[in-house]
**Q** 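Would you mind keeping the following structure in view while I ask a few things?
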Amino acid sequence: MILRCIECRREYPIDKVRHRCECGDLLEVVHDMGTLRKKVSSQLFDERLAKREFPYNSGVWRYKELILDIENKFIISRPEGNTNLYQADKVGEYVGIKNIWLKHEGENPTGSFKDRGMSCAISVAKMLGFKKVACASTGNTSASMASYADLAGMESIVFIPKGKIAFGKLAQALAYGAKTIQIKGDFDDAMKLVQEVCQELEIYLLNSINPFRIEGQKAIGFEVLQQLDWQVPDWFILPGGNLGNNTALSKGFRELYQIGMINRIPRMAVIQAQGANPLYTMWKEKTPFTAVKAETIASAVKIGNPVSWKKSIRGIEWSRGVVEQVTDQEIMDAKAFVDASGIGAEPASCCSIAGAKKLVKAGVIDKKERVVAVLTGNLLKDPDAVVNYHLGRLKGIKSRYANKPIMMESSLKAVRKVLE
Ligand SMILES: *Cc1c(COP(=O)(O)O)cnc(C)c1O
């Protein structure tokens, strides 16, 4: 295992701290494919699933050799992963496709997929001997980091954009005891600042620019394959914000393909909110990458200058993938169906469903294909978005599927009138 620059291909050992290449570009973990080919198989992972011993009881560390082959004593795990894969008729009907599965990453320990990458990267922090960790966050990374830092006995520092973070996520950061710094500015400003801070002080950076975060998040794809008995679906659909997660899934599938565990790579569809769509614009118009000023109700993807855009585009090419955008109205309509199917997810997660619907309608996804949509975060992360939607109080959004609370006097007669 080494770290390699995605641009100039300079190499670095993994046991030295490095957030970027000397040339300034992004680093990624490169595994020894020859070793992996000999060591791993679907049988090995199925055996571990049956035994459930540490660290293989984690939906990340079960695939340890494919993720990060370090000594078990460094591993910090809650354990994460092992999330459900749902089939929901209501959502299928809404999207217009029969074979759709929802991979609910909101069922992770702190309520988002961030726990997978966090477990991996914080274990590296421990291996490297760090006592302090930091991240910039639209909310879920900070919630996850704060929890895992507690587990690891480390101090955590989060940089969040002032007044722009969903309530559930802020609550978690404070509750887990992270030093919470709200800056004047948006996520992109916070991201820039935290990189400077970590460069100058003895603090380990845990954003998805950290290549070990990406390694941990690959396990979402591995786990779905295992849940589908190692049958490869046609599509994976997921929201795109800082673009680490789709990068991770593409990398993971490509590696499985290279070692011969799968015989084709599923196509990737990355869905951006229209108000935070730099990847979509680049892909659609074939223009150079240009950052935007982000604005969307889906706060987890409200990112105008995504760190991993280069890795993301590369992964989309590997998989003959596509990029789509959806409006806030489409996100909240889709969310109403995800929620009312009894599953529920936060707004950003529902980009997947809104995007799936659009791609099926456009004929990009065939009605007969098998589709996995990733729900990235838990319903309760953003209670304001839910309640205000159902009360019809979201600016610029029609509450088409609202479930309004009923006001009445406290009497049986009044209740009977409403229920009958
Ligand atoms: C972080 C996050 C995203 C965006 O993932 P990226 O890897 O930044 O593209 C989407 N949804 C939720 C709920 C998230 O927490």
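Counting convention: from 1, in listed order, for ligands and their atoms alike. The chain is numbered in sequence order, starting from 1.
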**Q** Report the nearest protein non-hydrogen atom to atom 7 (O) of ligand 1: residue, atom name, distance rounded to 0.1 Å.
**A**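 Its nearest protein heavy-atom neighbour is Asn245 N, 2.8 Å.
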**Q** Classify the contact between Lys114 and ligand 1 as side chain, backbone, both or neither, using a heavy-atom distance cut-off of under 4.0 Å.
**A** side chain
**Q** Looking only at N/O atoms, are Thr376 and ligand 1 under 3.5 Å apart anywhere?
**A** yes
**Q** For Arg116, is there an ion pair with Glu105 - N to carboxylate O distance below 4.0 angstrom?
**A**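 Arg116 and Glu105: salt-bridged.
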**Q** So does Asp69 pair up with Lys39, basic N to acidic O under 4.0 Å?
**A** yes
**Q** Would you check the N or O atoms of Gly377, main chain and side chain alike, for any that come under 3.5 Å of an N or O of ligand 1?
**A**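 Such a contact does not occur with ligand 1.
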**Q** Are Glu317 and Arg314 close enough for a salt bridge, meaning some N to O gap below 4.0 Å?
**A** no
**Q** Report yes if Ala348 has an N/O atom closer than 3.5 Å to an N/O atom of ligand 1; otherwise report no.
**A**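 In fact, backbone or side chain, Ala348 has no N or O that close.
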**Q** For ligand 1, which atoms have a heavy atom of Val301 less than 4.0 angstrom away?
**A**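 That gives atoms 4 (C), 10 (C) of ligand 1.
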**Q** Output the distance between atom CD (Gln325) and atom CD (Glu330), rounded to the nearest 0.5 Å.
**A** 8.5 Å
**Q** Under 4.0 Å between a side-chain nitrogen and a carboxylate oxygen: does that hold for Asp25 and Arg9?
**A**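 Judged by the 4.0 Å cut-off on N to carboxylate O distance, Asp25 and Arg9 do not form a salt bridge.
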**Q** Select one of side chain, backbone, both or neither to describe which atoms of Thr138 lie under 4.0 Å from any atom of ligand 1, heavy atoms only.
**A**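 The answer is neither; Thr138 stays 4.0 Å or more away.
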**Q** Output the distance between atom NE2 (His104) and atom CG (Leu379), rounded to the nearest 0.5 Å.
**A** 7.5 Å
**Q** Please determine whether a side-chain nitrogen of the Lys or Arg among Arg267 and Glu369 lies less than 4.0 Å from a carboxylate oxygen of the Asp or Glu.
**A**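 Answer for the salt bridge query: no.
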**Q** N/O to N/O below 3.5 Å, does that happen between Gly240 and ligand 1?
**A** no
**Q** Return the closest protein heavy atom for atom 5 (O) of ligand 1 as residue, atom name and distance.
**A** Phe113 CZ, 3.4 Å
**Q** With a cut-off of 4.0 Å, which atoms of ligand 1 are near a heavy atom of Glu346?
**A** 13 (C)
**Q** Quick check: does Asn242 get an N/O under 3.5 Å from an N/O on ligand 1?
**A** yes
**Q** Below the 3.5 angstrom mark, is there an N/O of Ser349, backbone or side chain, next to an N/O of ligand 1?
**A** no
**Q** Near Gly244, which atoms of ligand 1 are under 4.0 Å from a heavy atom of that residue?
**A** 6 (P), 7 (O), 9 (O)
**Q** Does the structure place the NZ or CZ of Lys310 under 6.0 Å from the centre of the six-membered ring of Phe289, at an angle of no more than 45° from the ring's axis?
**A** no
**Q** For Lys368, is there any backbone N or O sitting under 3.5 Å from a side-chain donor or acceptor partner on Asp366?
**A**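 Yes, because the side chain of Asp366 sits within donor-acceptor range (under 3.5 Å) of the backbone of Lys368.
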